[in-house]
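Only this structure's heavy atoms are used, side chains among them; waters, hydrogens and symmetry mates stay out. Chain identifiers are assigned alphabetically (A, B, ...) following the order of the sequence lines, protein sequences preceding nucleic acid strands; residue numbering begins at 1 within each chain.
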Amino acid sequence: MKAHHTRTWPNSIAEARAIQESLRGKVVARDRLGKIGTVAGIDVGFENHGTVTRAAVVVLDFPGLAPVEQAVARRATRFPYVPGYLSFREAPAVLAAMKKLRTRPDLLLCDGQGLAHPRRFGLACHLGLLLDIPSIGVAKSRLIGTHGDVPDEKGGWAALEDKGEIIGAVLRTRAGVKPVYVSTGHRISLATAIDYVLRCTTRYRLPETTRHAHRLASAV
DNA sequence: GCGACAG
DNA sequence: ATCTTGTCGC
């Protein structure tokens, strides 16, 4: 007999928190990735005043970064935006978009935090775990944690800390721009995550994966 | 009780 | 996230 996934979506913040607490222990913090031939960018946008969630996934070959496949999925929005619970709002549409993919990407770059989360289970951890694909969280702003000065040169970074623990890196992807917040999702280490984010970034602040996905999810 | 707060 | 054009700065 095949295991049946009876997955109910939380109907409250309390339920969502309980799910995060029960799943965070399953996250693999070490490098458990194979040869990376493709990387995927994931982003979400909204339509009709937020009532519809639109997720976009774009797969690029690696290290070339040329687009090879993309998918978009729309789902009724069923969870509010509450800091610390972003994955419950975005994951349903993202998982639907992933199912439309013919390619199974070797690495995921998610638009949000991974380990750099109050309960160490941000969007990147949640998606990586549910899909069982190595994942990285690349956020445009900070959720939690403190850090020192970030060298103003591409590749310069400062450790992001919380409660005496290093939860991510504040990384300068380009000189003269606001740094991005990188943290591990699933099956990857922070050092490796930083390396891949830099290798997916060319001439802009955000990785090419994120830029492509954002265009598909939000642009007309 | 007063701020902070991914997208 | 989203509503939205031009404008300041390197």
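We find that CD of A/Glu90 is positioned 9 Å from P of C/dA1, with the value rounded to whole Å. The distance between atom CZ of A/Arg89 and atom P of C/dA1, rounded to the nearest whole Å, is 11 Å. A straight line from OH of A/Tyr204 to P of C/dC10 spans 20 Å, rounded to a whole angstrom. The nearest whole Å value for the distance from the CD atom in A/Glu47 to the P atom in C/dC3 is 11 Å. Summarising the geometry, the separation between CZ on A/Arg78 and P on C/dA1 is reported as 23 Å, rounded to the nearest angstrom. With rounding to whole Å, A/His214 atom NE2 is found 6 Å from C/dT2 atom P. Counting to the nearest Å, the P atom of C/dA1 and the CD1 atom of A/Ile42 are 16 Å from each other.
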(request) Just do the salt bridge (Lys or Arg N to Asp or Glu O under 4.0 Å) check on A/Arg172 and A/Asp152 with the steps written out, would you? (result) CA-CA 7 Å; A/Arg172 192 86 65 181; A/Asp152 190 23; 3.6 Å; yes

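The aromatic rings of A/Tyr181 and A/His147 stand perpendicular to each other, their planes meeting at an angle above 60°, with 30° marking the opposite boundary. Ring planes of A/Trp9 and A/His126: parallel class, angle under 30° (limits at 30 and 60°).
Residue contacts for A/Gly84: at a heavy-atom cut-off of 4.0 Å it reaches a base atom on one of the strands shown. When heavy atoms are screened at a 4.0 angstrom cut-off, A/Gly45 is found touching the sugar-phosphate backbone but no base atom. No contact: A/His49 has no heavy atom under 4.0 Å from any strand. Among the protein residues, A/Phe88 comes within range of no part of the nucleic acid, since none of its heavy atoms lies under 4.0 Å from any strand. Across all strands, A/Phe46 comes closer than 4.0 Å only to sugar-phosphate atoms, never to a base (heavy-atom distances).
Using a cutoff of 4.0 Å between basic side-chain nitrogens and carboxylate oxygens, A/Arg74 and A/Glu47 are scored as salt-bridged. With salt bridges taken as basic N to acidic carboxylate O contacts below 4.0 Å, none links A/Asp43 and A/Arg215.
The backbone N or O of A/Ala40 sits nowhere less than 3.5 Å from a side-chain atom of A/Thr209 that would complete a donor-acceptor pair.
Counting heavy-atom neighbours within 6.0 Å of A/Lys99 NZ, excluding the residue itself, gives a total of 12 or less.
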(message) Expected output check: what is the dot-bracket annotation of DNA chain B, where ( ) and [ ] are pairs inside the strand (brackets for crossing ones), | is paired with another strand, and pairs are Watson-Crick or G-U under 3.5 Å?
(response) .......

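Apart from A/Leu115 itself, the hydrophobic cluster it occupies contains nothing, where clustering links Ile, Leu, Val, Met, Phe, Trp and Tyr at side-chain heavy-atom distances under 4.5 Å.
A/Asp31 and A/Ser189 are linked by a side-chain donor-acceptor pair at a separation below 3.5 angstrom, with hydrogens and angles left out of the test.
Interface limits on DNA chain B: the 5'-most and 3'-most nucleotides within less than 4.0 Å of chain A heavy atoms are B/dA4 to B/dG7.
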